[in-house]
Amino acid sequence: MNAPSISDRGPRRFGWPQRVFSQVLLMQLAIITGVTVLVTGLFLAPLSAQLDDEAMRRALAIAQSTAAQPGITEDLRTTEASASGPVQSAAERIRRATGAEYVVVMDRRGVRWSHPETDRIGEVVSTDPGDALRGREVMEIDSGTLGRSARGKVPLRDPGDEVVGAVSVGIEYDSVRARLLGAIPGLLAYAGGALAVGALAAYLISRRLQRQTHDLAFSDISALLTEREAMLHSIREGVVALDGTGRIRLLNDEAQRLLGLGPEAAGRPLAEVLDGGRTADVLAGRVVGDDLLAVQGGRVLLANRMETDDGGAVVTLRDRTELEHLGRELDSTTGLIDALRAQDHEHANRLHTLLGLLELEMHEDAMEFVTEVVGVHRATAEQVTEKVQDPLLAALLVGKATVAAERGVSLRLAPGTLLPDRVVDPRGLVTVVGNLVDNATDAAAGSGDARIEVGLRAEGRTVVLRVRDSGPGIAPEQYASIFTEGWSTKDLPAHGKRGLGLALVRRLAERQGGSVTVAGADGGGAVFTVVLPEALAGPETADPATAPHPATTGDSR
């Protein structure tokens, strides 16, 4: 099914694009941009807090270093608070050396002994120094006479460890903010680079998706999927799709019917849902070719397998059961027509002989001639019905004997043959016997002393069938392959397929829990043996009305 062209999708509309490629690209770009912005914001938030903490710790460290200066405590006790005093000189020296905004030394009253603005020396500090004067170190961001700053405050102790004042150091907050703003361009550059790489990757992925989806819109894909499902489930041909590992990806309704599977088979390995056999081999690709024959559950299937680009395969199945039955009936009808044509000549010769005897007034010889001809056929029919009491099977053998005789092949029952009229599935047994006798007739025809021997006997409820022919026989290395669908040594018939008769025989035998084997016969030819357990009903379930009367089983001549 061809993808709809862009011109078939209606008038072009602005706004949200319709194609899968464009929608996926826009969604990926939106996601990448959002993630980039979110990550950048999440990085900046802790960066600001980290810079604030770093500034406060730096201020605290300067304050600790100032409080540890030798002599500053003594100068605080022995001198006056002035712009030229030793405390102011020491504090300014430290401020200039460290780059702090201010270094303020205060006594226990909170009076400044040092300040960058000398006119504020001798005044009480603008913020509460209580925690530091009580002996605790303080880190904070606060606003004072010089504006907002990151501050560190420590107690000032004398040699006796008594708190005599405090040291407050401030780092200009604008410098902290400047560091944060200075980091933003670099961070945005990294974010922009990541965004560009993500956008390129999104474009490449979308382009690949465009090629894989044949530049379709989501509505087109949805329509194609709907049409595909409707088509697969409406066609009268089985479709099985497999992936590269042999797992069933798709199984339409007809395939489920032909293979005897349910919807739950989809998604499972092929080896789990199908027993080993030719059907599984054909589906798995172990048998290659076109129009491959397979038998599954009594159905004759015609399979074709096509590989897919991803290593999987699609197998189509056609039901040829009815066609094969018609083909076999055509073969039988053709053989019967040939036999009738030959019998027509034979009957004409007999009638001419009888007419001659009557014209010569050899009436007794004519009566003997008619009695002999009728008696031979009657004897054959009575012999079959006496030993094979199932009417369908007996009729089949009588008919097959006539056809075989016309082809120069003698069909007779083996010694010890006796089959009661208690067959559970007469039609199935007729199929088995008919296929084997047909094959035996084809094999024996044209050979010297051509003959077929059919043996049927009951062992409890088990039926044992043996068919022996005088043909060329079968090579031992072919014993296993002759029961495979499609195997045959004969020329193709009118309907074009062979190699199903023995496969059907094996399948019918296995369905009843039995078996079929082949071996070489003494003196040449082949012997097929079929064992069918539970093929006969118990004596208590047999219909007395259908049982043959003893008086009818003898010779009535």
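Note: hydrogens, waters and symmetry copies are ignored here, and every other heavy atom, side chains too, is used.
- Legend: salt bridge (Lys or Arg N to Asp or Glu O under 4.0 Å) pairs involving residues 466-481, not counting sequence neighbours: none detected.
- With sequence neighbours excluded, the residues that form a side chain to side chain contact (heavy atoms under 4.5 Å, CB included) with Thr431 are Asn435, Leu508.
- Using a 4.5 Å heavy-atom cutoff, the side chains of Val398 and Leu396 are not in contact.
- Checking side-chain atoms of Arg249 against main-chain N and O of Leu242 turns up a donor-acceptor pair under 3.5 Å.
- Looking at Arg286, its side chain never comes within 3.5 Å of a backbone N or O of Ala284 through a donor-acceptor pair.
- Contact of the Leu418 side chain with the Arg457 side chain is not registered, since no non-hydrogen atoms from C-beta on lie closer than 4.5 Å.
- Contact between Leu251 and Gly262 at its shortest, heavy atoms only, is CD2-O, 4.0 Å.
- When every heavy atom of Ala535 is checked against every heavy atom of Leu532, the shortest pair comes out as CB-O, 3.3 Å.
- Between Leu536 and Leu419, the closest side-chain pair of non-hydrogen atoms falls below 4.5 Å.
- In this structure, Arg427 has no side chain to side chain donor-acceptor pair (under 3.5 Å) partners at least two apart in sequence or on a different chain.
- Side-chain contact between Ile474 and Ile482: present, with at least one pair of heavy atoms (C-beta onward) separated by less than 4.5 Å.
- Shown are Asp390, Leu392, Leu413, Val430; of these, the side chain to side chain contact (heavy atoms under 4.5 Å, CB included) with Leu397 is made only by Leu413.
- Each side-chain hydrogen bond (donor to acceptor under 3.5 Å, both in side chains) pair with one or both residues in residues 257-268, not counting sequence neighbours, appears once here: Glu254-Arg257.
- A pairwise comparison of heavy atoms in Val530 and Ala509 identifies CG1-CB, 4.3 Å as the closest pair.
- Inter-residue side-chain proximity for Val423 and Leu393 is flagged as unmet; no heavy-atom pair is nearer than 4.5 Å.
- Considering only heavy atoms from C-beta on, Leu465 comes within 4.5 Å of Val454 through its side chain.
- Applying the salt bridge (Lys or Arg N to Asp or Glu O under 4.0 Å) definition to pairs two or more places apart or across chains, those involving residues 521-536 are Arg461-Glu534.
- Listed by chain and number, the residues in a side chain to side chain contact (heavy atoms under 4.5 Å, CB included) with Thr316 are Glu237, Asn304 (sequence neighbours excluded).
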Q: Check step by step if side chain to side chain contact (heavy atoms under 4.5 Å, CB included) holds for Thr308 and Val314.
A: CA-CA 7 Å; Thr308 56; Val314 175; 4.0 Å; yes

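- The two residues Val531 and Pro533 make their nearest non-hydrogen contact at O-CD, 3.5 Å.
- Qualifying side chain to side chain contact (heavy atoms under 4.5 Å, CB included) partners for Ala414, counting only residues two or more places apart in sequence or in other chains: Thr417, Glu453.
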(Q) Please determine whether side chain to side chain contact (heavy atoms under 4.5 Å, CB included) holds for the pair Val240 and Leu259, giving the CA-CA distance in whole Å, both sets of side-chain angles, and the decisive distance to 0.1 Å. (A) CA-CA 10 Å; Val240 181; Leu259 298 176; 4.1 Å; yes

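- Under the side chain to side chain donor-acceptor pair (under 3.5 Å) criterion, Glu307 pairs with Arg305, not counting sequence neighbours.
- Nearest heavy atom pair, residue Leu456 against residue Val388, reads CD1-CG2, 4.2 Å.
- With sequence neighbours left out, Asp425 forms a side chain to side chain donor-acceptor pair (under 3.5 Å) with no residue at all.
- Of all heavy-atom pairs spanning Leu258 and Gly238, the tightest one is CD1-N, 4.3 Å.
- Here Asp309 pairs with nothing under the salt bridge (Lys or Arg N to Asp or Glu O under 4.0 Å) rule; sequence neighbours left out.
- By the side chain to side chain contact (heavy atoms under 4.5 Å, CB included) test, Ala196 is found to be paired with no residue, residues two or more places apart in sequence or in another chain being considered.
- Of the candidates Val437, Val384, Val433, Lys400 forms a side chain to side chain contact (heavy atoms under 4.5 Å, CB included) with just one, namely Val437.
- By the side chain to side chain donor-acceptor pair (under 3.5 Å) test, Arg247 is found to be paired with no residue, residues two or more places apart in sequence or in another chain being considered.
- Between Pro269 and Thr245 the shortest side-chain heavy-atom distance does not fall below 4.5 Å.
- When side chains are defined from C-beta on, Asp319 does not count as touching Leu317, because their heavy atoms never get closer than 4.5 Å.
- Of the possible donor and acceptor atoms, none in the side chain of Thr441 sits under 3.5 Å from a partner among the backbone N and O of Ala404.
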